[in-house]
Structure formats: C-alpha cells, structure tokens
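Okay, structure first, notes after.
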Amino acid sequence: MNKKSVRDIEVSGKRVFVRVDFNVPVEDGKITDDTRIRETLPTIKYLIENGAKVILASHMGRPKGQVVESLRLTQAAERLSELLGKPVAKADEAVGEAVKAQVDALHNGDVLLLENVRFYPGEEKNDPELAKQFAELADLFVNDAFGAAHRAHASTEGIAHLIPAVSGLLMEKELSVLGKALSNPERPFTAIIGGSKVKDKIDVIDNLLNLADNVLIGGGLSYTFMKAQGYEIGLSLCDDSKLDAALGFIQKAKDLGKNFYLPEDIVIADDFKVDANKDIVEVGNIPDGWEGVDIGPKTRAKYAEIIKNSKLIVWNGPMGVFELEPFSNGTREVAEACATTEGYTIIGGGDSAAAAEKFHLADKMDHISTGGGASLEFMEGKALPGVVALNDK
Ligand SMILES: Nc1ncnc2c1ncn2[C@@H]1O[C@H](COP(=O)(O)OP(=O)(O)OP(=O)(O)O)[C@@H](O)[C@H]1O
Ligand SMILES: O=C(O)[C@H](O)COP(=O)(O)O
C-alpha cells in the first residue's frame, strides 16, 4: 500500500483520533456480533503500548444527524473495555467543551470513545467545520474504519486533510488482502454474487466479469437475470429497471470468454415463511403465486464443485433466504465449499459473513472482510475516499 500506516509515524505522547467502524448489530441492547470491535484491537493495542492517548470515533446505524438513544456507543465502550482488559472512558458527545476536557485528562495509554459521530448533521455532509472540531481534539488521525472507507464523511475524509493522517492496521490488512487478490489473482478465480439488492451489485458483477474466470450468481438477484432471458419467475424478487443490464452481463461474459453461471434449479415457496409449501423446479417453471427462495440441489452441487476447483474465491451475498432454515441449504453448501476448498477464500462482509458465522464456518475462511459496502466498492474498482485522503508514503 502506498499510504502511511500507524507504524510509519511517532505516536508516543500524541493525541490520536482513531476512526473505527463499531457499527455492530445490537439486539435488545446487547451486541450480537462484536467482530468489528475485535478486529480493531491490534491498532488500539499498538497505540496503547506505544504510549498514545487514544481517542476513538465511530458511527452506529443511520441516525441522520440527530441523537437517537438506541444508537449510542455505550455498549461498544463496555465491550471494548472487556476485550482490552482495561477501562475505556465514554464521552456523551463527539465534540465540544466537555469532550475537550475529557481529552485533556487523558494520560498516555488511556482510551476514550466518543459518541456516535452521526448524531451531528455535519458528519455525513463532510462539513469542514465539524472536521475542524474533530481535528482540534488530536495531533494525528488514524483511519481504521475499512467498513466506512467508501464514505467521504467528516470523520473519515474531512479530518484527514487537517492533521497528519495514516491508516490503522485493520485498514492496512483489508486493503492488502483484497488488493493482492484482485490485482494478481490466482486462477481459476471464482466470484460468487448473491443477496437481494440487484442495484447494489450491478457494478461489482461488471468489474468481476473483467477479473474472474467464473462468476456464479445466486440469491434474490438471479431472478432478474432469468426474467431478462424470458423465463417465468412468479413472485420472485426482480428489478425490472435492470433487465437490460442483466442481458448485457450475459453478453459481456460471452464476449470475454468467461463462465457465467445462473441457477439451473430453484427451491420455490408459496410464502416467505418457515412452514410455507415448498418445491424444487427447473429454471422457467416457477408457477404463478410462488417465488424462488434458494438455489436447488443441482445448482448447489455444481457451484460447490467449481469452488473446490478454484484457487481464489470471492463471495458476496447469500444464495437464498438463509435466515429461514428450509431455504438455507444453498448458502450452507456454498459456505461449506468455501470452507473446505484449498483455494483462498475471501468473504465480502454483510450477510455472507453472518451466514458463515451461523454455520460455524467463519474460522475456516481465509479472510472475512469487515466491510460490506466498502468491500463491494473496492471490488468494483472504485477509489475509497477514506483511503485516498490518507498521507502517501
Ligand atoms: N431468493 C431470495 N428472495 C428474497 N430474498 C433473498 C433471496 N435470496 C437471498 N435473499 C436475501 O438477501 C438478503 C441479503 O441481501 P444483500 O444484497 O443485502 O446481501 P449482502 O451483500 O450479503 O449484504 P450487505 O448489504 O451487508 O452487503 C438476505 O437477507 C437474504 O435473505
Ligand atoms: O455497515 C457498514 O457497511 C458500514 O458501517 C457503513 O455503514 P453505512 O452503510 O450506514 O454508511
């Protein structure tokens, strides 16, 4: 990476503003997956051990510039304190006089977590005034929030122009793993794209067609491709505005000589419920009133075989409605193939990572990215503003 990292700069005695992504799932006031917090520990420990005064900042959810009580970072501070085995002070705001006083009171090696930066309207607008207020708290900016690196916000991008700005160790790891894999991929390289949001995945499919040898499509977005080819899809998810784009990808794959796979058979259901009636049909045979909810057994076996014979696998998005047990087999078999293949497996955040956790296969993957949207944008070949703004080596 051509950007400076926290290892390239003196941190001892310095006030260091560290942007992290503690946007973790919380249910009934409890954090249900603390992966993103655990993944920032190397940077935070490095700073503590090297005598920095650590000021952490994060967003949580999308409060749209207002204080939302349920989106405070109190639980994150508690969890971080448990993981570090030392107290973590928590501010009730992210800027202002009270915060300044808390920063002034820090000793070398102390840790302070600021309140949710998205409680301020200036954060998502990348308001220079808010960026200045963040910058005034610190001598140095460290961006370790890979998950938010695709956002040009005051605490991810604006601040980087005001004080020395370097990457954290998680940011460095994510960029290095994803960058190495995509710039010089081991082949065969297989990309698996699933999930439900066709619009969000269109650009990544486009770029992966350039890079990968095999592109496997599953999940809710596969029905747009089926409809585009003239197949009946019943009530299945479809984005009619993307039918032409879908046909364009099928043609692009042909033109580039790439293998582009769509499900051959589908698990269908007459409702979006665990106890719905279900059946397995070939593509084109989804009856009226039914919808596709998972890839079928033939497709599962084919996809698993391709994954097993690949040297590099990038997976983003589940193959079906894996949250409901009867429709989880496609995602489970893809996850198992990713876990057992000898190829290098990268999981691109979000729901696929949650699926790997659910099937107890997460520790068998080579790299699970902490970025959902960020890893997608990276794979699309887009520059990440939170990275671009950091100081060059
Ligand atoms: N056939 C289907 N019909 C409807 N929904 C589906 C289908 N297959 C998968 N899904 C749903 O897609 C959702 C995930 O879609 P999404 O596009 O958000 O994936 P992701 O990229 O893994 O997540 P993230 O948004 O975190 O990047 C899951 O909740 C899953 O139930
Ligand atoms: O969960 C994520 O992908 C990141 O924390 C970014 O969140 P955002 O999509 O609300 O910007």
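This chain uses plain numbering: 1 for the first residue, then up along the sequence. In this text, all values refer to a predicted model and were calculated from it rather than measured experimentally. Each ligand, and each atom within it, is numbered from 1 in the order the structure gives.
- To the nearest 0.5 Å, atoms CG (D34) and CG (L41) are separated by 8.5 Å.
- Close contacts between ligand 1 and Y223 involve ligand atoms 1 (N) [criterion: under 4.0 Å to a heavy atom].
- Within ligand 1, counting atoms from 1 as listed, the ones closer than 4.0 Å to a heavy atom of G317 are 22 (O).
- What you find for I159 and F17 is that their closest heavy atoms are CD1-CD2, 3.6 Å.
- Atoms of ligand 1 found under 4.0 Å from any heavy atom of V321 (numbered from 1 in listed order, with element): 2 (C), 3 (N), 4 (C), 5 (N), 6 (C), 7 (C), 8 (N), 9 (C), 31 (O).
- Residue V293 approaches ligand 1 through these ligand atoms, each under 4.0 Å from one of its heavy atoms: 1 (N).
- Atom 1 (N) of ligand 1 has as its closest protein heavy atom G292 O, 3.0 Å.
- Close to ligand 1: F272, with a non-hydrogen atom less than 4.0 angstrom away.
- The pair R332-E325 meets the salt-bridge criterion, since a charged nitrogen lies less than 4.0 angstrom from a carboxylate oxygen.
- For the residue pair D255 / Q251, a side-chain donor-acceptor distance below 3.5 Å is found, with atom types taken as modelled.
- The closest donor-acceptor contact from the side chain of D144 to the backbone of L170 lies under 3.5 Å.
- Shown in contact with G219 at under 4.0 Å from a heavy atom are these atoms of ligand 1, numbered in order with element: 1 (N), 8 (N).
- Residue-ligand proximity, G195 to ligand 1, at heavy-atom distances under 4.0 Å covers atoms 12 (O), 14 (C), 15 (O), 16 (P), 17 (O), 19 (O).
- With hydrogens and angles left out, the side-chain atoms of K252 and N210 include a donor and acceptor closer than 3.5 Å.
- Ranking the protein heavy atoms by distance from atom 9 (C) of ligand 1 puts G320 O, 3.1 Å first.
- Under a cut-off of 6.0 angstrom, the local environment of NZ in K125 is sparse, with at most 12 non-hydrogen atoms contributed by other residues, nucleotides or ligands.
- Side-chain N/O atoms of N207 and E380 include no donor and acceptor closer than 3.5 Å.
- A salt bridge does not link K273 to D275: none of the charged side-chain nitrogens sits closer than 4.0 Å to a carboxylate oxygen.
- Counting atoms of ligand 1 from 1 in the listed order, those under 4.0 Å from a heavy atom of G220 are 1 (N), 2 (C), 7 (C), 8 (N), 9 (C).
- Shortest non-hydrogen contact noted between I307 and C338 is CG2-N, 3.8 Å.
- Looking from atom 21 (O) of ligand 1 to the surrounding protein, the closest heavy atom is K201 NZ, 2.7 Å.
- Crowding of E323 atom CD: a count of heavy atoms from other residues, nucleotides or ligands under 6.0 Å exceeding 12.
- A distance limit of 4.0 angstrom between heavy atoms and ligand 2 selects the residues D21, N23, R36, H59, R62, R118, G147, R151.
- Looking from atom 17 (O) of ligand 1 to the surrounding protein, the closest heavy atom is S196 N, 3.0 Å.
- In terms of N/O distances under 3.5 Å, ligand 1 is not approached by D294.
- Placement of M319 and L208 in two distinct hydrophobic clusters is found when ILVMFWY residues are connected by side-chain heavy-atom separations under 4.5 Å, directly or transitively.
- The shortest contact between atom 26 (O) of ligand 1 and any protein heavy atom is with G350 CA, 3.0 Å.
- The environment of K358 atom NZ is dense: over 12 non-hydrogen atoms of other residues, nucleotides or ligands sit within 6.0 angstrom.
- Between S369 atom OG and F146 atom CZ the span is 4.5 Å, to the nearest 0.5 Å.
- In terms of protein heavy-atom proximity, atom 31 (O) of ligand 1 is nearest to E323 OE1, 2.7 Å.
- Put simply, the residue from E305, E336, E333 that forms a salt bridge (Lys or Arg N to Asp or Glu O under 4.0 Å) with R300 is E333.
- Among all non-hydrogen protein atoms, the one lying nearest atom 23 (O) of ligand 1 is D351 OD2, 3.0 Å.
- Using a non-hydrogen distance threshold of 4.0 Å, D200 does not register as a contact of ligand 1.
- Shortest contact from atom 18 (O) of ligand 1 to any protein heavy atom: K197 NZ, 2.7 Å.
- Against a heavy-atom cut-off of under 4.0 Å, S352 is close to the following atoms of ligand 1: 22 (O).
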